[in-house]
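Treat the numbers as computed from the prediction; the structure is a model and nothing was measured. Below, chains carry the letters A, B, ... as their sequence lines are ordered, and counting in each starts from 1.
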Amino acid sequence: MPTPVRTRFAPSPTGYLHVGGARTALFSWLFARKNGGQFILRVEDTDEARNTEEARNAIFSGLRWLGLDWDEGHEADGDCGPYFQSERQDIYTRWFQKLQDTGRVYEDDGAWRFRFERKPITMHDLVCGEVTIDYTDASNTPDMVVRRSDGSFVFHFVNVVDDLEMKMTHVIRGEDHLMNTPKHLQLIEALGETPPAYAHIPLIMNADGSKMSKRDKGAAVHEYPERGFLPAAVVNFIALLGWSPKDDSELFPLSELIDRFSLEGINRSPSRFDWDKSMWLNQQHLLKLTPQAFAEAALPYVRSAGLDPTDQFPAIAASVQEKVQLLAEVPEAIRFYLREGVEFDPAALEKLAGNESAPTLLASLATSFRALPDWSSPKDAIAATATAAGAKPGQLMFPLRVALSGKTGGPDLDAILTILGRDESIRRIEQTVSTLQNA
RNA sequence: GACCCGUUCGUCUAGUGGUUAGGACUCCGCCCUUUCACGGCGGCAACACGGGUUCAAGUCCCGUACGGGUCGCCA
């Protein structure tokens with residue numbers, strides 16, 4: 001029986017969750033899930049000065065929002081805890097003792113340095129292939145500090161110890177760690193342990209190719225729910241940034257991503273954000289939602305825009321499901337349903353004003369609406385009214401749309417008529433007629 | 001500067017010696033739709049450059065250029 005796969009995500013809580021970090025987490029998570037292994041969340045909070053509670057929570061909530069659950073770590077079980085490095089001092093001290101016993105560390109200015117073996121180090125990276133770094137020349141690769149003069153341990157040491165202690169089989173991390181790997185390999189070799197397999201993934205860049213930093217659009221994971229993205233769409237999008245299923249498919253729910261994922265599909269070159277495509281992908285995921293699920297997803301955005309959803313909301317939301325790319329667009333798309341009367345989009349009103357027959361047609365439409373026995377087929381009344389006035393139904397459709405919604409585009413007229421109801425529809429038509437006459 | 005990784009349409013990518021270099025986003029047409037959007041069809045658009053190797057190179061090798069990464073008592 002093969003050793004069960006164990007991967008981890010090991011962020012340090014010094015800011016918000018970065019989208020590059022999220023993708024690293026995603027790939028590690030996918031690899032673990034794909035292979036029936038475990039995914040561990042370890043918080044590397046050794047830099048007390050820079051750690052914040054807020055940053056820690058951003059990591060947890062970001063991962064949860066994306067749907068990346070962890071088997072061991074904060075608020076989860078696990079035999080390899082604690083999962084915060086700040087609570088693992090005893091473990092590091094013990095391993096440091098072991099390292100001292102090998103005679104490979106020496107004191108320097110109160111700190112402890114690890115003496116590298118002066119030889120070429122070759123790693124077999126699962127993504128980069130075979131990479132050799134020459135450690136022969138000490139001036140290029142000075143012995144590294146593993147323990148500071150204040151007694152604390154540096155990243156390289158704790159990271160290696162934890163990966164060993166937590167029995168990692170695969171370390172999937174950003175390419176910025178590639179040059180650290182020989183250091184880690186040397187440490188592990190000195191300790192007489194077996195290293196995990198490494199996979200270094202290329203970084204994500206801004207749309208213009210520049211390095212993505214904190215302030216850049218899309219850098220922070222928490223920005224995505226704010227902008228109206230679905231977690232599944234974000235996961236789908238970042239997975240496609242640097243990974244390919246090797247065929248033409250590209251629309252994946254999480255479950256299928258797990259199925260299709262493999263390290264071989266990871267690219268070697270940094271990729272750039274393509275905002276148009278991320279929004280398109282979000283729209284595709286939105287389209288796949290049931291109308292109920294869509295309404296539910298849209299509700300918070302509607303509320304926070306100050307709109308008060310009525311009991312008609314399910315129908316209202318359904319009418320705009322295929323009109324928006326982001327959930328944050330929903331409030332604007334449905335606002336016209338919920339307000340008193342019509343507010344005209346200037347361009348729409350102008351277009352309507354240019355139509356000389358509109359006021360007359362609309363006025364007689366209001367009359368025939370009023371005469372309808374019921375509201376089951378207002379469309380027949382539209383056709384009849386137009387015909388009676390010697391016009392085509394199409395000549396009445398556009399004015400009616402503007403009269404009801406104030407806009408040139410939007411949901412099907414049928415849906416608008418049904419949702420608004422007879423009284424409100426008539427009211428808006430008459431409001432429009434008088435607006436037109438007074439103009 | 002040294003070392004490491006990379007380079008196919010504007011962007012994300014398929015492609016593992018012989019392809020009309022494929023798909024997707026964007027953009028532009030047309031169709032569907034009495035709106036918009038969705039959907040369908042079509043179009044524009046790429047192998048960074050220079051040398052090799054080979055009957056044959058986007059695919060292999062070497063340079064150059066460009067991009068990225070790393071060179072801490074940060075992680």
Side-chain angles (χ1 to χ4, degrees), chain A residues 10-14 44-47 49-51 85 108-113 123 125 127-129 131-135 137 139-142 144-156 158-159 173-183 200 202-205 207-211 237-251 265 267-281 283-284 286-287 319-325 329 333 348 351 379 382-383 386 392-402 405 407-413 416:
Chain A
S12 48
T14 55
E44 307 218 329
D45 55 349
T46 53
D47 189 344
R50 296 203 299 155
N51 294 162
Q85 290 188 330
D108 174 29
D109 263 333
W112 291 87
R113 284 183 187 275
M123 44 197 168
D125 192 275
V127 172
C128 303
V131 179
T132 301
I133 313 289
D134 195 354
Y135 268 62
D137 184 357
S139 68
N140 289 332
T141 54
M144 70 172 166
V145 169
V146 287
R147 186 171 203 176
R148 301 186 190 92
S149 46
D150 67 1
S152 62
F153 298 97
V154 305
F155 160 76
H156 296 105
V158 298
N159 186 269
R173 56 183 14 173
E175 193 188 298
D176 48 337
H177 284 294
L178 187 61
M179 301 298 274
N180 287 334
T181 308
K183 302 177 183 180
H200 289 89
L203 275 15
I204 299 177
M205 316 301 288
D208 64 0
S210 64
K211 188 178 162 186
F237 178 66
I238 63 179
L240 253 20
L241 234 39
W243 171 82
S244 163
K246 302 293 183 188
D247 62 19
D248 290 342
S249 52
E250 55 182 0
L251 199 59
N267 288 324
R268 278 310 306 132
S269 51
S271 45
R272 306 177 181 198
F273 261 87
D274 181 346
W275 288 103
D276 288 329
K277 187 149 185 174
S278 74
M279 291 196 292
W280 173 81
L281 216 38
Q283 181 171 33
Q284 295 302 312
L286 248 22
L287 252 18
S319 75
V320 298
Q321 180 165 4
E322 64 177 26
K323 315 286 179 190
V324 298
Q325 289 196 300
E329 294 166 10
K351 245 178 141 178
K379 240 185 165 178
I382 298 171
K392 289 180 189 156
Q395 287 176 270
L396 187 44
M397 294 297 203
F398 179 76
L400 178 57
R401 163 174 301 285
V402 176
S405 71
K407 302 191 288 189
T408 57
D412 286 342
L413 216 36
I416 299 179

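- Across B:G17 and B:U59, the matching C1' atoms stand 7 Å from one another, rounded to whole Å.
- Remark: A:Y135 engages A:F116 in a ring-ring contact (aromatic ring centres under 6.0 Å, His included) (not counting sequence neighbours).
- Following rounding to the nearest Å, A:R401 (CZ) and B:U35 (C1') show an atom-to-atom distance of 4 Å.
- Summarising the geometry, the separation between CZ on A:R268 and P on B:G68 is reported as 15 Å, rounded to the nearest angstrom.
- Protein atom NZ of A:K277 is 14 Å distant from nucleotide atom P of B:C9, rounded to whole Å.
- Between A:Q283 and B:C38 there is a side-chain polar atom (N or O) within less than 4.0 angstrom of OP1 or OP2.
- Remark: P of B:G6 and CZ of A:R272 are 18 Å apart, rounded to the nearest angstrom.
- When each of B:U7, B:C73, B:G68 is scored by its nearest atom to the side-chain atoms of A:V154, the top-ranked nucleotide is B:C73.
- Pairing of B:C30, defined by two Watson-Crick or G-U wobble distances under 3.5 Å, is identified with B:G40.
- Counting any heavy atom pair closer than 4.0 Å across all strands shown, A:R113 reaches sugar-phosphate atoms only and no base atom.
- Evaluation of the ring-ring contact (aromatic ring centres under 6.0 Å, His included) rule for A:F273 yields A:F237, A:W275 as partners, not counting sequence neighbours.
- When heavy atoms are screened at a 4.0 angstrom cut-off, A:H200 is found touching no nucleic acid atom at all.
- A:K246 comes within 4.0 angstrom of sugar-phosphate atoms only, judged by non-hydrogen atoms across all strands, and of no base.
- Counting non-hydrogen atoms of neighbouring residues, nucleotides and ligands closer than 6.0 angstrom, the NZ atom of A:K323 exceeds 12 such neighbours.
- Spacing between atom CG of A:L178 and atom P of B:C4 amounts to 11 Å, rounded to whole angstrom units.
- In this structure, A:D276 and A:D134 both approach RNA chain B, and ranking their closest nucleotides by distance from the 5' end singles out A:D134.
- Comparing B:U11 with B:U26, their P atoms are spaced 16 Å from each other, to the whole Å.
- Among the atoms of the strands shown, only primed sugar atoms or phosphate atoms (P, OP1, OP2) are found under 4.0 Å from some heavy atom of A:T46.
- Using a 4.0 Å heavy-atom criterion, one finds that A:N180 contacts the bases of the nucleic acid, with or without backbone contacts as well.
- Using the Watson-Crick or G-U wobble rule with both distances under 3.5 Å, B:G1 pairs with B:C71.
- Under 3.5 Å, the side chain of A:S271 and the base of B:C12 form no donor-acceptor pair of N or O atoms.
- In the set B:C36, B:C12, B:G68, B:C36 carries the atom at the smallest distance from any side-chain atom of A:D412.
- Across the strands present, B:G6 finds its partner in B:C66; the criterion is a Watson-Crick or G-U wobble pair with both atom distances under 3.5 angstrom.
- A:S244 comes within 4.0 angstrom of sugar-phosphate atoms only, judged by non-hydrogen atoms across all strands, and of no base.
- Rounded to whole angstrom, the span from the CH2 atom of A:W275 across to the P atom of B:G10 amounts to 22 Å.
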Would you list the protein and nucleotides 39-49 of chain B atom pairs, both N or O, that sit under 3.5 Å from each other?
{"unit_1": "B:G39", "atom_1": "OP1", "unit_2": "A:Q284", "atom_2": "NE2", "d": "3.2"}

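- Residue A:P202 is out of contact with every strand shown, counting any heavy-atom pair closer than 4.0 Å.
- Note on A:D108: a base of the nucleic acid sits closer than 4.0 angstrom, heavy atoms only.
- Residue A:I133 places its side chain closer to B:C3 than to any other of B:G6, B:C3, B:C73.
- Counting non-hydrogen atoms under 4.0 angstrom, A:E44 reaches the backbone sugars and phosphates but no base.
- The CG atom of A:N51 sits 10 Å away from the C1' atom of B:A75 (whole-angstrom rounding).
- Comparing B:C49 with B:A37, their P atoms are spaced 39 Å from each other, to the whole Å.
- For the OP1/OP2 pair of B:G6 and a distance below 4.0 Å, the side-chain nitrogens and oxygens of A:N267 include no atom meeting the criterion.
- Here A:D150 lies out of heavy-atom contact (under 4.0 Å) with every strand.
- Nucleotide B:C55 forms a Watson-Crick or G-U wobble pair with B:G18, both donor-acceptor distances falling under 3.5 Å.
- Residue A:M279 is classed as having no contact, given no heavy-atom separation below 4.0 Å to the nucleic acid.
- What you find for A:T14 and A:N51 is that their closest heavy atoms are CG2-ND2, 3.7 Å.
- Within the nucleic acid shown, A:K211 comes within 4.0 Å of sugar-phosphate atoms alone, with no base atom in reach, counting heavy atoms only.
- Counting any heavy atom pair closer than 4.0 Å across all strands shown, A:G174 reaches no nucleic acid atom.
- Mapping A:T132 and A:S210 onto RNA chain B by nearest heavy atom places A:T132 at the nucleotide closer to the 5' end.
- Between the CG atom of A:D176 and the P atom of B:C74 there is a distance of 17 Å, given to the nearest Å.
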